[in-house]
Amino acid sequence: MLEKTFDPASVEPRLYDQWEASGAFRPERALERDPAAKPFSIVIPPPNVTGSLHIGHALNNTLQDVLARFHRMRGEAVLWLPGTDHAGIATQMVVERQLAAAGNAGRREMGREAFVEKVWAWKAESGGTITRQLRRLGASCDWSRERFTLDEGLSAAVRKVFVSLYKQGLLYRDKRLVIWDPQFQTAISDLEVEQREVDGQYWRFAYPLEDGSGEIVVATTRPETMLGDTAVAVHPDDERYQHLIGKKVRLPIADRLIPIVADAYADPEKGSGAVKITPAHDFNDFQVGKRHGLPLINILTPEAKLNDEVPAEFAGMDRFVARKAIIQHMDDLGLLRGIDPTRHVVPHGDRSGVVVEPYLTDQWYVDAKTLAQPAIAAVERGDMVFEPKNWERTYFEWMRNIEPWCVSRQLWWGHRIPAWYGPDGEVFIEETEEAARAAARAHFGRDVELRQDEDVLDTWFSSALWPFSTLGWPQKTADLERFYPTSTLVTSFDIIFFWVARMMMMGLHFMDDVPFKRVFINALVRDEKGQKMSKSKGNVIDPLELVDEYGCDALRFTLTAMSGQARDIKLAKGRVEGYRNFGTKLWNAARFCQMNECVSVAGFDPAGVEQVINKWIRGEVAKTTEAVTRALTDCAFDEAAGALYRFVWNVFCDWYVELAKPILSGEDEVAKAETRAMAAWTLDQALKLLHPVSPFLTEELWDKTAEFGPPRGSLLIEAPWPEPRAGWVDPEAEAEIDWVIALVSEVRSIRAEMNVPPSARTPLVLVGADARTRARLERNRDRISTLARLQSLEEAASPPAGSAQFALGEATGALTIAGFIDLAAERARLSKAVAGFESDIAHVRRKLDNVAFMAKAPEAVVAENREKLAEAETAKAKLEAALARLEAMAQ
RNA sequence: GGGCGGCUAGCUCAGCUGGUCAGAGCGCCUGGUUUACACCCAGGAGGUCGGGGGUUCGAUCCCCUCGCCGCCCACCA
């Protein structure tokens with residue numbers, strides 16, 4: 001006998017091990033059964049190897065697992081490929097922090113080799129956490145194929161891609177402005193910048209003209225950059241400054257002569273119309289400098305201190321200290337012309353949180369513009385589709401305005417760039433040092449000393465290859481052949497640019513096909529107030545605590561049911577509790593079946609059932625199966641969850657089980673046997689349909705409910721997905737049970753409103769029933785009497801005195817509640833019901849009396865309204881009659 | 001400045017291609033030892049679907065506009 005509740009804690013680890021040991025997570029299982037099995041593949045968005053599971057991972061991986069399990073049950077060869085990302089900057093940051101916290105030497109003092117060793121040690125220590133946690137979520141990944149972005153195979157793929165792109169002219173080294181993070185002392189890409197709005201000031205500075213004839217005023221939010229100014233620009237058409245173009249100003253403090261140039265970049269509307277040009281420290285100014293052949297003066301060190309290019313009194317100063325000093329100095333010189341408060345955005349490093357600087361350095365760039373073209377075309381053609389579709393707008397917008405991708409990072413944790421330099425700076429880009437050596441030998445005609453590039457690649461460079469590098473590329477593997485392109489990628493919108501777009505570019509370039517046919521963008525999980533979860537806010541919900549408290553299935557069901565939200569999921573604990581209760585409900589339905597000896601019957605065919613409730617539930621199973629199948633096929637996870645919830649609770653438990661009780665405790669052995677088999681069958685269907693969302697509970701019940709029946713052919717994880725057959729929905733049975741439900745509901749409602757004690761049984765008569773209703777009444781007498789707690793159920797020519805009446809189709813129901821009836825209450829009840837029908841009638845009448853409606857509305861709608869009117873009118877007439885009888889009685 | 005979401009019952013949200021769409025869960029109220037389940041059962045209260053305008057025979061659902069809330073991109077004269 002089943003316990004009263006499901007105990008997830010004791011079941012989950014055992015079942016997970018059982019699944020994994022069975023080989024069910026591997027696609028080979030399906031291929032053994034059917035070598036032609038359709039492949040279905042998903043690559044996991046690789047979490048940070050040293051990370052731990054947060055609620056976003058829980059959502060993302062739950063949805064992937066739902067898909068994997070669904071397709072697996074449909075007999076497809078499912079590969080869900082797991083793995084982790086080395087997450088260069090993030091991981092390096094963590095280890096650096098640890099070193100600092102422990103009072104150890106920093107990475108620079110420690111040296112590259114020792115530091116990288118530390119990171120590997122940290123990876124070894126914490127690296128398994130996230131994958132262990134994925135297992136606790138029930139993730140049915142194929143762990144035998146687990147990959148890591150820094151493992152040997154993936155590193156080889158990275159080198160191959162780098163070298164190929166270089167040799168194809170799609171990757172190059174260039175000296176230009178990059179976004180520099182002074183905290184990590186590395187270049188970062190534009191995507192790693194976070195714009196923060198801050199209160200600031202414009203300082204207006206006067207630059208004196210060389211000839212002493214006056215001054216020109218410029219404004220800046222970064223006064224310290226004036227030391228790097230090499231021009232002042234004015235608009236060529238700006239009349240105010242025509243006479244100054246070509247003249248020079250003496251740049252204060254730096255004491256340099258710099259030209260006044262005419263450039264359309266200067267906006268006469270802004271500020272004074274004259275703008276200082278600092279080509280080495282501003283992206284726009286860089287362009288202006290290029291156009292006018294201006295020198296670039298870099299005034300910053302990698303730590304963002306002023307360097308030796310500036311007057312000695314400022315050299316070595318931190319940029320923000322220097323800012324104040326410059327302002328003071330300009331003021332002292334009498335050249336500060338004003339300060340205007342402003343609110344403006346300042347770029348910060350998304351990881352470091354410090355203000356980043358445009359900085360002139362040598363970096364490696366990928367020609368993203370060229371690679372983006374096929375990636376744009378593929379989505380335009382529909383080779384890859386976003387779900388929901390509107391994300392393609394975001395994708396297109398970015399892809400069409402894409403900038404060169406800076407892929408080098410001045411970090412140590414990552415893929416070292418496969419570039420070697422000869423003594424004269426000649427560069428050799430090869431996949432291995434040996435190959436580079438050979439190339440150098442060919443070039444120099446002798447062996448020379450080579451120095452490998454110090455930098456590593458952006459983490460996203462290796463992530464971009466993930467859908468094919470993990471399948472064995474550049475080797476031509478069977479997996480690559482079978483599983484590329486992958487079927488669906490499940491990820492969140494915040495990495496569409498970082499990751500999805502770049503996978504598209506690399507996949508199309510190297511595999512000549514999209515990396516995935518569909519991208520499902522899942523929502524972001526927030527706390528119940530809608531705030532982004534963060535450690536600093538202290539509102540982080542640990543998914544594993546929810547698993548501990550409510551069970552994995554409850555969390556999974558919650559996330560699945562709420563996944564329809566456009567952008568955010570506001571997670572409230574109460575929802576998880578509610579869905580835990582749902583699991584318990586199903587558990588108890590199974591318990592009921594067990595107590596009533598409802599066991600699966602070998603060879604049972606639901607098509608042959610005779611009992612009306614069995615025909616009815618068979619149709620409900622068919623409809624639910626169709627709804628769930630369609631929803632999961634379309635990634636409409638919330639709809640699947642909703643359909644399952646309603647079926648299990650509101651259909652199977654609330655009505656089928658209750659309607660079956662009289663049969664199960666009755667004398668009709670044939671009906672009883674059929675109902676037992678049908679109940680067991682229905683439960684089996686429910687377990688199957690629910691398995692992708694709630695794998696543990698359903699697998700456990702699949703096992704437990706087989707105790708007295710024929711053995712299960714397999715674990716539920718590998719059981720075949722239900723397929724409804726034509727004819728399972730029986731409209732007659734459906735209408736009949738709907739009628740029974742309506743009747744029972746009416747009686748219950750009246751009893752509650754009239755305060756009839758629950759234990760009291762009351763007689764019910766039907767007046768004016770037609771032949772069909774009489775037949776329904778006969779067939780369902782037992783169940784109606786039980787559910788409506790009737791003393792008797794008969795037909796009569798007229799309603800008895802002291803009865804509460806209600807309309808039911810063509811008939812009138814009269815519930816004799818003589819002992820309990822409260823005339824005033826009954827009058828109120830009837831009046832309220834009459835009023836309800838009256839408002840319906842008025843509403844429908846308005847339509848039917850409207851000439852335009854009658855002329856233009858489709859026939860079906862008109863007919864529907866006529867029917868509705870007729871029904872409401874008969875119902876109202878019955879209740880009015882009842883009301884009249886009541887008044888007569890009261891006289 | 002450009003773009004994208006959201007605004008429906010006290011709370012969290014469903015309402016797909018305009019005509020039973022005004023719904024669910026939680027919460028609340030009333031009643032309940034009905035042989036699966038109190039993590040339950042039965043019944044009930046509660047919303048002029050953000051405001052205004054328009055299209056239509058008919059709009060929560062389409063269009064315009066305004067108002068909040070949130071996000072993304074661009075912008076540091």
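Chain letters run A, B, ... following the sequence lines, proteins first, then strands; residues in each count from 1.
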Quiz item: Does the distance from a Lys or Arg side-chain N to an Asp or Glu carboxylate O, for A:Glu215 and A:Arg337, drop under 4.0 Å?
Solution: yes

Self-check item: Bracket notation of RNA chain B in which parentheses pair within the strand, [ ] cross earlier pairs, and | pairs with another strand (Watson-Crick or G-U, under 3.5 Å)
Solution: (((((((..((((.....[...)))).(((((.......))))).....(((((..]....))))))))))))....

Quiz item: What does A:Trp203 touch in the nucleic acid at a heavy-atom separation under 4.0 angstrom: a base, only the sugar-phosphate, or nothing?
Solution: nothing

Quiz item: Parallel under 30°, tilted from 30 to 60°, perpendicular over 60°: which one fits the rings of A:His281 and A:Tyr359?
Solution: tilted

Quiz item: Between the main-chain N or O of A:Leu2 and the side-chain N or O of A:Arg591, is there a donor-acceptor pair closer than 3.5 Å?
Solution: yes

Pairs under 3.5 angstrom only: tabulate donor-acceptor contacts from the side chains of residues 648-660 of chain A to other protein residues two or more places apart or in another chain.
from: A:Asn650; atom 1: ND2; to: A:Asp654; atom 2: OD2; distance (Å): 3.4
from: A:Tyr656; atom 1: OH; to: A:Asn614; atom 2: OD1; distance (Å): 2.6
from: A:Glu658; atom 1: OE1; to: A:Lys661; atom 2: NZ; distance (Å): 3.3
from: A:Glu658; atom 1: OE2; to: A:Lys661; atom 2: NZ; distance (Å): 3.2

Quiz item: A:Gln195 near the nucleic acid: base, sugar-phosphate alone, or nothing, with a heavy-atom cut-off under 4.0 Å?
Solution: base

Self-check item: Base of B:U12 paired with side chain of A:Arg575 (donor-acceptor, under 3.5 Å)
Solution: yes

Exercise. Look at the side chain of A:Phe497 and decide which nucleotide, out of B:A36, B:C4, B:C72, has an atom nearest to it.
Key: B:C72

Quiz item: Base, sugar-phosphate, or nothing: which does A:Val346 touch, judged by heavy atoms less than 4.0 Å apart?
Solution: nothing

Quiz prompt | Residues which pass side-chain hydrogen bond (donor to acceptor under 3.5 Å, both in side chains) with A:Ser785, listed by chain and number, not counting sequence neighbours | solution = none

Quiz item: Centres of the A:Tyr579 and A:Tyr645 rings: under 6.0 Å?
Solution: yes

Quiz item: So, for A:Phe637 and A:Phe520, is the gap between ring centers shorter than 6.0 Å?
Solution: yes

Exercise. For RNA chain B, find the residues of residues 580-590 of chain A with a heavy-atom distance under 4.0 Å and give them by number; none if there aren't any.
Key: A:Arg580, A:Asn581, A:Thr584, A:Lys585, A:Asn588, A:Ala589

Practice problem: Could you check whether A:Cys653 gets within reach of a base, just the sugar-phosphate, or nothing at all, counting any heavy atom under 4.0 Å? | Solution: base

Quiz item: Contact class for A:Tyr265 vs. all strands (heavy atom < 4.0 Å): base, sugar-phosphate, or nothing?
Solution: base

Quiz item: Could a donor-acceptor pair under 3.5 angstrom be found where the side chain of A:Glu3 meets the base of B:A36?
Solution: no

Exercise. Would you mind classifying the nucleic acid contact of A:Asp267 as base, sugar-phosphate or nothing, using non-hydrogen atoms under 4.0 angstrom?
Key: base

Quiz item: Which parts of residues 215-225 of chain A get close to RNA chain B, meaning a heavy atom less than 4.0 angstrom away?
Solution: A:Ala219, A:Thr220, A:Thr221, A:Arg222

Quiz item: Touch check for A:Asn284, heavy atoms < 4.0 angstrom, all strands: base, sugar-phosphate only, or nothing?
Solution: sugar-phosphate

Quiz item: Any donor and acceptor pair, going by atom type alone, linking the side chain of A:Asp553 with main-chain N or O of A:Phe696 inside 3.5 Å?
Solution: yes

Practice problem: Check every strand shown and say whether A:Val657 touches a base, only sugar-phosphate, or nothing at a heavy-atom separation below 4.0 Å. | Solution: base

Quiz item: Contact class for A:Glu194 (heavy atom, under 4.0 Å): base, sugar-phosphate, or nothing?
Solution: nothing

Quiz item: Any side-chain hydrogen bond (donor to acceptor under 3.5 Å, both in side chains) pairs touching residues 853-876 of chain A, not counting sequence neighbours?
Solution: A:Arg845-A:Glu873

Self-check item: Derivation of the side chain to side chain donor-acceptor pair (under 3.5 Å) call for A:Thr629 and A:Glu626
Solution: CA-CA 5 Å; A:Thr629 304; A:Glu626 274 165 21; over 6 Å; no

Quiz item: With respect to the phosphate group of B:C4, does any side-chain polar atom (N or O) of A:Arg393 fall under 4.0 Å of OP1 or OP2?
Solution: yes

Exercise. Output yes when at least one side-chain N/O atom of A:Lys276 is less than 4.0 Å from OP1 or OP2 of B:C76, else no.
Key: no

